Amino acid sequence: MSLPALQYPNGISYEEFLATVDEGTYAEWVDGEVVPVTPPSDEHAQITLFFAEILDGFVRRTRIGGQVRHSPFQMKLPSSARQPDVLWAAADKADRFKRLGLEGPADLVVEVVSPESRTRDRREKFREYAQVGVAEYWIVDPMQRTCEVFRLSGAGTYLPLAPGDPARVASSVVTGFWIDPAWLWAESRDMWRAFEAWGLI
């Protein structure tokens, strides 16, 4: 279950949110409310860091370009400031990276599900990211051991991308990027294993 929003009688602007909430506070700004976010578990943090490292390494080594960030870096949307676990924005969005976050939607967003974020990740953010134009949304669920990829359709809704054979999930916006979900659950998450599988080392 999501944590309750902090109440402000007349709501709070994004600028007030930045002035009120310390950098170390885990919270998002949504529709004028400050929504607390539970600090990540150790497994959550490890998966997030691993995914960010291999995605960043892939776009650098293949020269696809663009920029990768991980939480608590903000993605400022029209009515919210989210903190995706991992995001990638293509090179043509370089001027939208500001000191405190990315202005507008990223091209790819990854959310790692935790017990308290399940509804937020699978319903609230699922709808919001589609509405603002995040082209691809990955949902990684450590509890269910699943990794799902959704691609934004021309109608503005997310459609699931089928896993490949052998078992792997691939991006349609970062050309050539794919993972074996088993990498995420491995006791030792080794980014070099991914680079070797991609033929980059």
Side-chain angles (χ1 to χ4, degrees), residues 40-75 82-99 101-114 117 121 125-126 129-130 132-153 158-201:
S41 67
D42 183 57
E43 182 182 39
H44 186 291
Q46 288 189 51
I47 291 174
T48 297
L49 180 59
F50 173 73
F51 204 110
E53 287 178 336
I54 62 173
L55 179 57
D56 186 61
F58 182 88
V59 299
R60 289 176 183 272
R61 286 170 177 264
T62 59
R63 301 186 186 279
I64 287 175
Q67 298 186 50
V68 176
R69 297 289 187 274
H70 62 79
S71 60
F73 193 74
Q74 290 186 41
M75 181 172 70
R82 297 293 190 177
Q83 295 181 358
D85 287 311
V86 182
L87 65 80
W88 172 79
D92 62 358
K93 296 178 177 61
D95 63 341
R96 294 209 275 105
F97 280 88
K98 309 299 182 182
R99 185 178 72 87
L102 172 67
E103 295 285 344
D107 295 286
L108 183 153
V109 164
V110 181
E111 295 288 4
V112 180
V113 176
S114 59
S117 76
D121 294 337
K125 290 186 177 182
F126 194 91
Y129 290 166
V132 299
V134 174
E136 191 168 282
Y137 183 29
W138 291 51
I139 299 180
V140 176
D141 191 330
M143 294 160 285
Q144 301 295 326
R145 293 291 192 260
T146 57
C147 180
E148 302 163 272
V149 180
F150 299 89
R151 177 74 164 126
L152 193 64
S153 71
Y158 281 132
L159 299 177
L161 294 182
D165 184 19
R168 60 175 60 170
V169 287
S171 173
S172 62
V173 296
V174 182
T175 304
F177 180 76
W178 61 269
I179 70 165
D180 180 340
W183 298 346
L184 302 173
W185 329 129
E187 188 171 332
S188 176
R189 299 176 181 87
D190 183 358
M191 65 179 180
W192 301 111
R193 178 183 178 186
F195 295 154
E196 184 175 23
W198 295 326
L200 298 179
I201 58 173

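Just so you know, these numbers use all the heavy atoms, side chains as well, and skip hydrogens, waters and symmetry mates. Keep in mind that what you see is a predicted model, and the values were worked out from it rather than measured.
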Task: Set of residues satisfying ring-ring contact (aromatic ring centres under 6.0 Å, His included) with respect to Phe150, sequence neighbours excluded - done: Phe126
Task: Contact check, side chains of Phe51 and Ile179, non-hydrogen atoms, under 4.5 Å - done: yes
Task: CD (Glu43) with more than 12 external heavy atoms under 6.0 Å - done: yes
Open item on the list: With rounding to the nearest 0.5 angstrom, report the CD to CG distance, Gln74 to Leu87.
Closed with: 11.0 Å
Open item on the list: Under a 3.5 Å distance rule, please check whether Asp85 uses its side chain to pair with a backbone N or O of Val112 as donor and acceptor.
Closed with: yes
- [ ] Sort and list the pairs that fulfil salt bridge (charged side-chain N to carboxylate O under 4.0 Å, His left out) and have at least one residue in residues 49-58, not counting sequence neighbours.
- [x] Asp56-Arg60
Open item on the list: Give me the atom names and distance for the closest heavy-atom approach of Val59 to Val174.
Closed with: CG1-CG1, 3.9 Å
Open item on the list: Would you say that Trp183 contacts Asp190 through its side chain, given a criterion of any heavy-atom pair below 4.5 Å between the two side chains?
Closed with: no
TODO: Can you see which heavy atom on Pro142 is nearest to which on Val113, and at what distance?
DONE: CD-O, 3.3 Å
TODO: Report the residues that fulfil ring-ring contact (aromatic ring centres under 6.0 Å, His included) with Tyr129, sequence neighbours left out, ordered by chain and then residue number.
DONE: Tyr137
Task: Those residues that, when tested against Glu148, pass salt bridge (charged side-chain N to carboxylate O under 4.0 Å, His left out) (two or more places apart) - done: Arg122
Task: Check: Phe58 and Ile54 side chains under 4.5 Å, non-hydrogen atoms - done: no
TODO: Using side-chain contact (heavy atoms from CB on, under 4.5 Å) as the criterion, list what pairs up with Ala182, not counting sequence neighbours.
DONE: Asp180
Task: Those residues that, when tested against Trp198, pass side-chain hydrogen bond (donor to acceptor under 3.5 Å, both in side chains) (two or more places apart) - done: none
TODO: Identify the heavy atoms of Lys125 and Gln83 that sit nearest to each other, and give their distance.
DONE: NZ-O, 4.4 Å
Task: Nearest-0.5 Å distance that lies between atom CG in Leu55 and atom CD in Gln67 - done: 12.0 Å
TODO: For Lys93, enumerate each residue passing the side-chain hydrogen bond (donor to acceptor under 3.5 Å, both in side chains) test, keeping only those at least two apart in sequence or located in another chain.
DONE: Asp107
Open item on the list: Treating Arg189 as the side-chain partner and Leu184 as the backbone partner, does any N or O pair qualify as donor plus acceptor under 3.5 Å?
Closed with: yes
- [ ] Could you tell me which residues satisfy side-chain contact (heavy atoms from CB on, under 4.5 Å) with Ser114, sequence neighbours excluded, listed by chain and number?
- [x] His44, Glu116, Ser117
TODO: Not counting sequence neighbours, which residues clear ring-ring contact (aromatic ring centres under 6.0 Å, His included) with Trp192? List them please.
DONE: Phe195
Task: Shortest non-hydrogen separation from Ala186 to Arg193 and the atoms involved - done: CB-NH1, 4.2 Å
- [ ] Please name the pair of heavy atoms, one in Pro105 and one in Gly133, separated by the smallest distance, quoted to 0.1 Å.
- [x] CB-C, 4.3 Å
Task: Smallest separation among heavy atoms of Phe73 and Pro84, with atom names - done: O-CD, 3.9 Å
Open item on the list: Can you list everything that forms a side-chain contact (heavy atoms from CB on, under 4.5 Å) with Glu136? Sequence neighbours excluded, please.
Closed with: Leu108, Trp138, Val149, Arg151, Leu161, Ser171, Ser172, Val173
Task: Listed partners of Leu152 passing side-chain contact (heavy atoms from CB on, under 4.5 Å), at least two apart - done: Ala130, Tyr158
Task: Counterpart residues, salt bridge (charged side-chain N to carboxylate O under 4.0 Å, His left out), relative to Arg168 (two or more places apart) - done: none
